[in-house]
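Presented below is the structure to which this report refers.
A quick note: this is a predicted structure, and the numbers were derived from the prediction, not measured.
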Amino acid sequence: SALGKVGFIYGQNKLLQNVWLKNLPLVNDEEEAQYSHKLLCKLIKADLVECENNPRILGSTNHKENLGEVMRVLQDILKYSEKHKNDEDAVTLIDNETKTQIQQFIKSGSM
């Protein structure tokens, strides 16, 4: 989670982004998981809408450099959430707003 926060605050740093992405989804700390997964959605949205020439998380080459890893993370978040939705001891990875965003990103395929 800390890597995502630092990367978001200090801008594009491929090494930080790659390490952060490879450690997602977070499943042990509910507060940090929700923060990090929401931050991931914000970074994706920023890449798709606001930062055409300075991608932050999807990577260069028309937002495809990290696309596979980002899609893996999004799908893993949804799979975990679905698998553990009735498990009282499981960490809640995302709130409803973040879940909707993730579903839209996956469905749109526009990444």
Side-chain angles (χ1 to χ4, degrees):
S1 173
L3 287 175
K5 292 174 187 176
V6 170
F8 184 72
I9 292 168
Y10 292 104
Q12 188 172 0
N13 180 310
K14 285 187 179 186
L15 179 59
L16 281 179
Q17 290 173 352
N18 289 335
V19 171
W20 184 61
L21 271 176
K22 293 203 182 310
N23 285 286
L24 294 178
L26 301 180
V27 297
N28 295 317
D29 183 319
E30 188 165 308
E31 184 177 335
E32 294 299 323
Q34 289 188 16
Y35 177 88
S36 291
H37 304 143
K38 187 177 290 272
L39 176 59
L40 177 61
C41 289
K42 286 180 183 179
L43 293 172
I44 294 168
K45 185 176 180 180
D47 276 4
L48 294 174
V49 177
E50 303 161 6
C51 300
E52 285 289 321
N53 298 319
N54 188 23
R56 296 179 68 114
I57 198 69
L58 293 176
S60 56
T61 319
N62 295 324
H63 304 306
K64 302 218 187 292
E65 185 178 356
N66 296 327
L67 181 60
E69 188 67 15
V70 169
M71 290 298 287
R72 177 202 61 81
V73 170
L74 296 176
Q75 291 169 347
D76 285 353
I77 291 168
L78 290 181
K79 285 178 190 175
Y80 180 94
S81 296
E82 183 62 27
K83 181 179 178 181
H84 296 282
K85 67 182 177 185
N86 295 321
D87 184 353
E88 293 178 14
D89 296 327
V91 171
T92 303
L93 300 185
I94 49 177
D95 59 24
N96 288 331
E97 178 186 347
T98 305
K99 180 179 181 179
T100 300
Q101 283 184 317
I102 290 173
Q103 290 169 329
Q104 289 172 344
F105 289 141
I106 291 173
K107 184 179 177 181
S108 74
S110 63
M111 296 191 309

Point-to-point distance, once rounded to the nearest 0.5 Å, from CD1 of Ile94 to CD of Gln103: 7.5 Å

Can you tell me how far CE of Met71 sits from CD of Gln75, rounded to the nearest 0.5 angstrom? 5.0 Å

If you round to the nearest 0.5 Å, how far is CG of Leu40 from CD1 of Ile44? 4.0 Å

Out of curiosity, Trp20 CH2 to Leu39 CG, how far, rounded to the nearest 0.5 Å? 4.0 Å

May I ask you to decide if Ala33's main-chain N or O and Ser36's side chain share a donor-acceptor pair within less than 3.5 Å? no

Is the number of heavy atoms from other residues, nucleotides or ligands within 6.0 Å of NZ (Lys99) greater than 12? no

Inter- and intrachain pairs under ring pair (Phe, Tyr, Trp, His ring centres under 6.0 Å), touching residues 67-104, at least two apart: Tyr80-His84

Measuring from atom CG of Leu93 to atom CD of Glu82, what distance do you get when rounded to the nearest 0.5 angstrom? 12.0 Å

Stepwise side chain to side chain contact (heavy atoms under 4.5 Å, CB included) test for Val70 and Leu21: CA-CA 7 Å; Val70 169; Leu21 271 176; 4.0 Å; yes

If you count the non-hydrogen atoms of other residues, nucleotides and ligands that lie under 6.0 Å from CG in Asn96, is the total more than 12? no

Considering all heavy atoms of both residues, which atom of Glu30 and which atom of Ala90 are nearest to each other, and what is their separation? OE1-O, 4.3 Å

Taking every non-hydrogen atom, the tightest pair across Val27 and Val91: O-CG2, 3.1 Å

Between CG of Asp76 and CG of Leu24, what distance do you get to the nearest 0.5 Å? 10.0 Å

With Asp95 as reference, evaluate Lys38, Gln34, Gln101 under the side-chain hydrogen bond (donor to acceptor under 3.5 Å, both in side chains) test and give the passing residue. Lys38

Going by the rule side chain to side chain donor-acceptor pair (under 3.5 Å), which residues pair with Glu69 if we only count those two or more places apart in sequence or in a different chain? Arg72

Can you establish whether the number of heavy atoms outside Glu31 located under 6.0 Å from its atom CD is more than 12? no

